[in-house]
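Structure, as structure tokens:
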Amino acid sequence: MNMADSPEQDKLERVLYRFVDSNYKSTSSDDIYMEKLLTHLSGSSSYLIDLPICKEWIQKMVEIWKNKTLEPSLASFVLRLMGLVVGDWKRFELLQVTDIVGQVSQLLKQQNKDNSSVKLAYVRMLSGLLKHDSGCKWIIRTDTWKDVLQFCYENQSIYVLRESQKFVVELLNRLGGVDSELPTNIMSEIFSPFLSKDTTNGKVSLESSQHQHFMLNLELACTIFEASLANASPVMSNVIQNLNLEPLMWLLLVSLVGDNNEEHAGKISKLLTLIYFTSTLREMEENKIPYSAVKAMEKKIYNMLALHVSRRSVPNFMKLVVQCQFCWHKISEFVSVTEESGIKHFNFDTQLMVFQLLPMLGCVHGKFTDSECLELYTNKLFRLTSEETQRLAYAYRDILFTQDNKHALVHQAMLSILQIKNIINRELAVIAFQGFMYNLKNFIWQEPNTDGLTGSDFILQHPEQLGAVLDGLISLIRCFHITWRESVETICLFSFTQLLLKDPSLSPKLAVQGLQLMQAAIQNFMPPNLALLMNTLKDSSIDQLGPILQKRLHDMNWDVRDSALEVLQVVTTIAEIKFPAFQEHVLENELCPLVLVLAMDDTESYVRASAIKCLCSMVRVQRFWTDCLASQDLPSKMMVILQSESEGIVRREAAALLKEIYEHHKFLKAELGNVFMAMAYAAVSDLHWEVKVNALNFWEKVIERQMSDQGMIDGVFPSVTFSKENRKIVVLTEKEIKLRLNKVLEELARFKCLQVLLSALQDHDLQVVYKAADIITTLNSVLVRHGIMSDSEAPKPLPDLISNCEKPSTNKNFKGVYDSYGCEVKSSLASSDKVKQVKTTNMDSGEGETTIIQSRLTNDSEKVIEAIVNETDINLLADVYRDYLTVGNDITSVATNFKLDSHADVSAKEFLSVTSKLDLREMVTQKNQWLDYCSNNLHSLLDDILSSRAGTESNAMDCY
């Protein structure tokens with residue numbers, strides 16, 4: 001873009017020089033503006049960085065900085081803008097004519113040196129220099145990287161620490177291809193505390209004063225090696241060799257003695273693991289790591305694990321195994337496995353998984369250790385593990401049995417598996433799933449185990465362990481879609497969850513997790529014979545489902561009720577076709593009336609919404625409707641909710657339920673008019689956009705049914721159809737089709753559907769506009785195809801259907817509620833002015849008329865504000881909430897609350913006249929552009945910044 005023609009250039013200059021003002025004081029809004037401005041300048045508006053004003057402004061701010069300390073927010077902004085400027089080597093060279101970056105570095109050592117935000121901005125500025133060779137050379141020449149290292153050691157802020165570590169990693173990557181000695185020098189600086197340690201006597205003990213410094217150095221080194229491993233960079237493998245790090249860190253690990261050094265031993269073990277994995281990259285040939293190098297690495301890691309076993313350090317052992325899993329995931333794609341005759345290869349990640357499972361398997365209930373399934377599972381693990389793994393596993397098992405906190409270790413082992421669920425393959429996921437299943441059995445076993453504990457006792461004593469089991473099973477099922485073909489244990493999962501949910505000692509949180517697991521079991525592990533061989537659930541393994549759900553739907557905790565409704569919704573969904581046996585089960589346990597009670601009377605809005613959503617699934621099943629729901633007067637109840645419910649999520653589901661009833665069943669003729677009136681009101685006047693969209697979905701089904709009644713099938717008219725009116729077969733000629741389509745339009749106009757669609761196009765929520773435009777486009781395509789509507793006219797912008805809204809009253813007793821256009825929000829679909837005038841006068845409105853309308857709307861808006869200010873607070877609030885304070889909404893009075901203005905009716909002819917002149921695609925595009933301009937446009941942001949201090953009275957108004 002040509003900078004000279006940029007409309008933002010002048011505004012950016014004015015914004016920047018606002019900060020130069022000696023009277024400038026930073027505000028909280030300024031921080032937000034600065035952040036957004038930097039986002040634009042680093043993204044789509046980066047061309048503005050090349051403007052001379054940026055360089056000049058930075059130089060001026062540095063001069064001001066020399067004379068007085070800048071506010072931290074302003075200093076951070078200066079540094080981050082500098083980072084954008086120096087990111088290009090040409091701009092950096094121009095700025096360095098006066099050594100601006102060096103001056104700023106010196107200033108930071110004198111001022112703002114303790115402020116975290118300034119340090120963070122400084123590191124980001126230095127990161128900009130790493131984008132080119134000139135910047136890297138300057139950083140090395142001035143030893144500025146040592147300042148960043150010092151930030152790492154200070155650990156003043158987690159954000160500064162992470163950004164500093166990121167800078168060091170990027171610096172090493174940049175220097176690796178330039179000079180092999182520089183990375184070694186930097187790493188020797190980091191490892192200097194370890195290089196100076198004397199390990200000749202075989203023991204190292206750290207003093208308390210050294211603890212923090214050692215841990216920060218280890219953390220930085222681990223971050224560097226993790227990044228190197230992720231990038232498969234050979235730079236760090238050379239550093240390992242140059243500094244002889246492998247024997248050094250191993251000697252340091254062996255020399256650490258005493259319980260006080262347990263944390264250091266764990267951190268050094270992590271670093272040593274990263275060193276071992278990184279070293280394998282040095283052996284890479286043709287982008288592949290030889291298997292021999294991998295086996296050598298595995299041997300070193302097993303030695304380290306054995307060291308922790310000998311020290312009885314179970315936590316460090318478990319952390320090390322997880323670290324190995326993550327490292328293996330990063331290099332596994334480079335490992336070359338060459339098949340050799342007589343040699344069996346074992347996957348390293350499988351060996352590690354066995355170590356993770358051992359604490360869990362060691363606590364399996366003693367009463368069923370002789371189970372045939374468990375024996376098969378154990379044999380499977382033996383087949384997948386090597387002799388070295390088995391030897392180490394036995395030693396690990398022996399120290400696990402002697403631990404006092406066995407169940408805490410089991411919990412930690414479960415969490416370690418959940419940590420790696422996103423990187424393991426399907427085979428490992430199945431192995432882990434089976435291990436979780438055997439642990440779940442501990443909590444449902446009714447007979448006492450060797451410790452005298454039953455399943456209920458286990459739940460009471462180890463609730464966190466049960467929570468981890470349930471979470472693990474749910475996560476693995478959802479991530480890997482495990483089936484009964486891969487794990488025979490899945491057959492028992494539903495029975496296990498039933499027994500668990502029957503336990504009265506289950507906490508609300510565990511009950512929710514149990515219901516979620518039951519839902520997953522129903523969706524994935526239903527017995528395959530149920531659909532084909534059974535028409536009832538009596539005497540089956542799942543015959544207690546209904547009583548359990550009934551009990552949980554009466555639970556005192558709303559989240560348990562909500563989860564039970566989600567399970568019931570899944571049951572009703574699959575009961576329609578896949579498992580019809582559920583239909584009788586649901587009816588026998590009277591779950592349909594119970595759900596309706598929750599939908600109408602539950603105290604929690606989330607439960608009411610879930611209950612109505614469950615009813616949406618129920619009305620699709622014909623038997624549920626005929627045997628129960630048809631007699632419950634659902635339409636009237638849903639209209640009461642649309643009228644009086646305060647929560648939008650509940651009204652949203654009520655609108656969806658009315659659509660489902662209309663789609664799958666037939667309303668009584670007496671109530672159909674009330675339903676149409678309620679849904680028209682919801683589509684236009686509701687305050688929640690999702691309610692409007694669901695209401696428009698209802699009207700879409702109305703149009704489809706009208707078309708279907710006239711003979712349309714799958715969007716097209718067949719050559720012949722049966723006429724219900726004439727009771728004979730009718731040939732659908734083009735003339736006959738036109739007559740039928742005109743009849744459809746007349747019916748839609750009588751139902752006020754056409755009025756709803758036109759009004760929805762003017763909605764302030766874009767999703768509503770999208771839906772309305774989509775419905776109209778689909779309808780118009782049919783009309784154009786059959787000649788009802790001509791597409792030859794040139795499309796015009798959307799007419800201003802709002803301009804004729806009723807003027808707000810200027811009376812001091814004003815009681816109306818107005819939208820942002822100054823139009824009164826009433827309980828009618830449109831204003832009292834005739835919509836006919838809207839469509840006839842605004843089609844060809846010129847620029848002058850548009851100006852007049854905008855001027856009138858501005859004056860009306862001022863009157864609205866004056867009316868609100870003049871009204872007393874208590875009276876205004878009383879008027880707004882009068883309808884909500886009315887007690888006892890009578891269902892029979894619903895129709896009177898959805899009255900529409902008869903003068904605002906839209907005829908079929910008027911609808912065709914309006915829509916034929918609309919370019920709906922262009923209209924939607926313009927609305928998108930407007931939204932993008934208001935939210936993501938730099939020009940708009942600069943206007944906001946400039947106007948934020950234009951006048952202190954600009955926003956001085958009461959808001960209700």
Side-chain angles (χ1 to χ4, degrees), residues 576-577 616-626 629-630 634-635 638 655-680 682-683 693-758 760 771-789 906-909 911-912 915 920:
E576 183 178 2
I577 298 174
C616 288
S617 299
M618 288 180 170
V619 297
R620 300 189 190 110
V621 182
Q622 184 63 36
R623 190 172 179 189
F624 291 162
W625 178 258
T626 55
L629 298 177
L634 283 181
M638 293 305 105
L657 179 55
L658 286 173
K659 189 266 290 185
E660 292 293 339
I661 296 174
Y662 183 84
E663 182 179 2
H664 294 89
H665 309 285
K666 289 187 177 181
F667 289 102
L668 297 175
K669 190 173 182 180
E671 67 184 4
L672 190 59
N674 293 339
V675 172
F676 284 156
M677 197 72 70
M679 295 305 284
V693 170
N694 282 352
L696 289 174
N697 288 332
F698 170 87
W699 288 110
E700 187 175 25
K701 294 300 177 183
V702 171
I703 295 174
E704 290 178 3
R705 178 172 290 186
Q706 289 297 317
M707 292 291 189
S708 178
D709 290 345
Q710 297 303 322
M712 178 176 280
I713 301 175
D714 294 333
V716 295
F717 285 98
S719 56
V720 295
T721 188
F722 180 77
S723 174
K724 295 180 181 179
E725 297 177 357
N726 301 325
R727 297 182 180 276
K728 65 179 182 179
I729 296 177
V730 177
V731 178
L732 293 180
T733 62
E734 197 61 36
K735 181 179 179 181
E736 179 67 21
I737 292 175
K738 287 183 179 180
L739 290 174
R740 288 171 177 263
L741 287 176
N742 281 319
K743 185 176 181 180
V744 169
L745 289 174
E746 292 298 331
E747 286 294 297
L748 294 178
R750 185 169 65 86
F751 299 155
K752 298 189 182 296
C753 175
L754 303 181
Q755 182 183 348
V756 166
L757 294 177
L758 289 181
K771 186 61 185 180
D774 182 60
I775 296 173
I776 293 175
T777 300
T778 304
L779 177 60
N780 286 355
S781 65
V782 177
L783 300 178
V784 170
R785 189 191 314 152
H786 296 285
I788 300 296
M789 182 178 183
V906 176
S907 67
K909 183 178 179 180
F911 177 81
L912 294 175
T915 56
L920 295 177

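Index from 1, following the sequence. Worth saying up front: this structure is predicted, and the values here are computed from it rather than measured.
The CG atom of Leu658 sits 10.0 Å away from atom CG of Asn694, with the distance rounded to the nearest 0.5 Å. Note that the CG atom of Leu920 and the OG1 atom of Thr777 stand 4.5 Å from one another [nearest 0.5 Å]. Between atom CD of residue Glu671 and atom NZ of residue Lys669 there is a gap of 13.5 Å, rounded to the nearest 0.5 Å. One distance of note links OG1 of Thr733 with NZ of Lys738; it measures 10.0 Å at 0.5 Å rounding.
Taking the six-membered ring for Trp and the full ring otherwise, the centers of Trp625 and His665 sit less than 6.0 Å from each other. Side-chain rings of Trp699 and Phe751 stay apart, their centers remaining 6.0 Å or farther from each other.
The side-chain contact (heavy atoms from CB on, under 4.5 Å) check on Ile713 picks up Pro718, with sequence neighbours excluded. Under the rule for a side-chain contact (heavy atoms from CB on, under 4.5 Å), the partners of Lys701 that lie at least two apart in sequence or sit in another chain are Lys659, Tyr662, Glu663, Glu704.
Side chains of Leu732 and Val720 form no contact here, defined as non-hydrogen atoms less than 4.5 Å apart. In this structure, the side chains of Met707 and Leu779 come closer than 4.5 Å at one or more pairs of heavy atoms. When side chains are defined from C-beta on, Leu757 counts as touching Leu696, because their heavy atoms get closer than 4.5 Å. Contact check for Met618 versus Glu576: no side-chain heavy atoms found under the 4.5 Å cut-off. Between Glu700 and Asn697 there is a side-chain heavy-atom pair separated by less than 4.5 Å. Residues Ile775 and Lys771 have side chains in contact (heavy-atom distance under 4.5 Å, counting atoms from C-beta outward). Looking at Lys666 and Ile661, their side chains never come closer than 4.5 Å, going by heavy atoms from C-beta outward. Contact check for Leu758 versus Phe911: side-chain heavy atoms found under the 4.5 Å cut-off.
Among all heavy-atom pairs drawn from Val756 and Ala683, the shortest one is CG1-CB, 3.5 Å. Between Cys616 and Ala656, the closest heavy-atom pair is SG-C, 3.9 Å. Here the shortest heavy-atom pairing between Ser781 and Thr778 reads OG-O, 2.6 Å. Listed here is the closest heavy atom pair of Phe717 and His786: CD1-NE2, 3.7 Å. Taking each heavy atom of Ala749 and Val906 in turn, the nearest pair found is CB-O, 3.4 Å. When every heavy atom of Pro635 is checked against every heavy atom of Val675, the shortest pair comes out as CB-CG2, 4.2 Å.
With salt bridges taken as basic N to acidic carboxylate O contacts below 4.0 Å, one links Arg740 and Glu736. Checked for salt-bridge contact, Glu746 and Lys743 miss the test: no charged N lies under 4.0 Å from a carboxylate O.
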Open item on the list: Thr626 vs Gln622, test: side-chain contact (heavy atoms from CB on, under 4.5 Å). Steps then yes/no.
Closed with: CA-CA 6 Å; Thr626 55; Gln622 184 63 36; 3.0 Å; yes
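Between the side chain of Gln706 and the main chain of Ile703, no donor-acceptor pair closer than 3.5 Å is present.
Screening Ile737, Asn780, Leu745, Val782 for a side chain to side chain contact (heavy atoms under 4.5 Å, CB included) involving Ile788 leaves a single residue, Leu745.
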